[in-house]
Protein chains: 2
Amino acid sequence: METYRLLKIKLTPQRLAILNYLNGNKSHPSAETIYKAVSQQFPTMSFATVYNTLETLLNKGSIRELKIEAGKKRYDYDIKPHHHIICIECNKIVDLYKDYKIPLPEEITQEFELINKNIEFYGTCQNCKKNN
Amino acid sequence: METYRLLKIKLTPQRLAILNYLNGNKSHPSAETIYKAVSQQFPTMSFATVYNTLETLLNKGSIRELKIEAGKKRYDYDIKPHHHIICIECNKIVDLYKDYKIPLPEEITQEFELINKNIEFYGTCQNCKKNN
DNA sequence: CTATCTGCAAACGTTTTGCATCTGT
DNA sequence: ACAGATGCAAAACGTTTGCAGATAG
């Protein structure tokens, strides 16, 4: 609650519901998932409010927009730099907090100044390996 | 043309136009970009045909679906494993053919069997650095 | 000849927008 | 009090689908 105040945005009940849903959430939800979850407590919640809030949080740099699902945006309230490993069978996603130093070839460093990187690992999780 | 035959799909003029557009293309186009390009030579081309052809090629494993743009699918006819570096200013994308060995922590290797990985590097390109 | 593809149009899923009303600060 | 948020509905995108007619092999 105190940390929410640091966002310097109007803390409406709807926004608090969204923030509380996202806080500590490791599911990397889409806008629709968020909408469905917060609608339970807030029957009048609209998509516009969800998208508007996500947009505001994005601009504040307090959430990350993920591209782990083609054609659909997903969100992560955890902005600590991290990568993801995704099960190609069940789509389970696990966070990986590790800062890798990856050397770029000279052709690239000549052309680009590196700022950031994002790694997606793909594999099969224990559960799915078992069920094969 | 001979390599197209290896796909074992019906080589209609529309599909050939799409394949020719994609072949050697380094722009990682979206369906719409492809549609616009091939419509020039093929005024009756429809989106259905573009999507249908992309779907067919995906199933054959001859193209890759990219998630470099949130909320929109993009495609790459180049299936040689590679990563991308993207300019955060102008969105220029450059391919990076390098196979990195990235060690995963034990918590992860216990839970996942690694199959593949994909790295997106972000930075600013020469051009955009200059214009700042 | 026939299994498959094309093109149209309609439907679908996701995201954005306009606007009148409401509310946190 | 008022800048800015909400909720509704419509629109704007991107993608998928059904189907009648066309065509590659």
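To find a chain, count down the sequence lines: A is the first, B the second, and so on, and within it residues start at 1. Hydrogens, waters and symmetry mates are skipped; everything else that's a heavy atom, side chains included, is used.
- In this structure a side-chain-to-backbone donor-acceptor pair under 3.5 Å is missing from A:Arg74 to A:Glu69.
- Tested against B:Phe112 for a side-chain contact (heavy atoms from CB on, under 4.5 Å), the candidates A:Ile86, A:Ile88, A:Val94 yield a single pass: A:Val94.
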Taking only nitrogen or oxygen atoms into account, show me every contact under 3.5 Å that the protein makes with nucleotides 16-22 of chain C, one pair per line with its distance.
from	atom 1	to	atom 2	distance (Å)
C:dT16	OP1	A:Lys73	NZ	3.3

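- Residues B:His83 and B:Asp95 bring no donor and acceptor atom of their side chains to less than 3.5 Å of each other.
- The side chain of A:Asn52 contributes an N or O atom lying less than 4.0 Å from OP1 or OP2 of D:dT6.
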Contacts under 3.5 Å, N or O only, protein and nucleotides 19-24 of chain D:
from	atom 1	to	atom 2	distance (Å)
D:dA24	N3	B:Lys10	NZ	3.3

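- Atom CG of A:Asn59 and atom P of D:dG4 are 14 Å apart (whole Å).
- Phosphate proximity of C:dG7 to B:Gln14: present, with a side-chain N or O under 4.0 Å from OP1 or OP2.
- In the helix from C:dC1-D:dG25 to C:dT25-D:dA1, the rotation axis of the first five pairs and that of the last five pairs differ in direction by 40°, rounded to 10 degrees.
- Rounded to a whole Å, the CG atom of B:Leu16 is 10 Å from the P atom of C:dT6.
- Between B:Arg15 atom CZ and C:dA3 atom P there is a gap of 16 Å when expressed in whole angstrom units.
- Shown here are the salt bridge (charged side-chain N to carboxylate O under 4.0 Å, His left out) partners of B:Glu32, two or more places apart in sequence or in another chain: B:Lys36.
- Of the two residues contacting DNA chain D, namely B:Ala31 and A:Thr49, the nearest-nucleotide position lying further toward the 5' end is that of A:Thr49.
- Tested against B:Glu111 for a side chain to side chain donor-acceptor pair (under 3.5 Å), the candidates A:Gln126, A:Lys129, A:Lys92 yield a single pass: A:Lys92.
- Spacing between atom CD of A:Glu32 and atom P of C:dC12 amounts to 15 Å, rounded to whole angstrom units.
- To the nearest 0.5 Å, atom CG of residue A:Asp76 and atom OG of residue A:Ser62 are 12.0 Å apart.
- If you measure from atom CD of A:Glu69 to atom C1' of D:dG14, you get 14 Å, rounded to the nearest angstrom.
- Using a 4.0 Å cutoff on non-hydrogen atoms, the parts of residues 37-46 of chain A near DNA chain D are A:Thr44, A:Met45, A:Ser46, ordered by number.
- Side-chain atoms of B:Arg15 come within 3.5 Å of backbone atoms of B:Lys10 as a donor-acceptor pair (strictly under, hydrogens ignored).
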Less than 3.5 Å apart, which donor and acceptor atoms pair up between the side chains of residues 113-122 of chain A and the rest of the protein, not counting sequence neighbours?
from	atom 1	to	atom 2	distance (Å)
A:Lys117	NZ	A:Tyr100	O	2.8
A:Glu120	OE1	A:Tyr122	OH	2.3
A:Tyr122	OH	B:Lys67	NZ	2.8

- Going through the checks in order, is the side chain to side chain contact (heavy atoms under 4.5 Å, CB included) test met by A:Leu96 and A:His82? CA-CA 6 Å; A:Leu96 168 46; A:His82 64 278; 5.9 Å; no
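- Residues B:Tyr75 and B:Asn25 have side chains that never bring a donor and an acceptor to within less than 3.5 angstrom of each other.
- In terms of position on DNA chain D, the residue among B:Gly71 and B:Arg5 whose nearest nucleotide sits closer to the 5' end is B:Gly71.
- Between A:Lys73 and B:Gly71, the closest heavy-atom pair is CG-N, 4.1 Å.
- The side-chain contact (heavy atoms from CB on, under 4.5 Å) with B:Leu19 is formed by just one residue from the set B:Ile63, B:Thr53, B:Val38, B:Leu11; it is B:Leu11.
- Of the listed residues (B:Tyr21, B:Tyr51, B:Phe47, B:Phe42), just one forms a ring-ring contact (aromatic ring centres under 6.0 Å, His included) with B:Tyr35, and that residue is B:Phe47.
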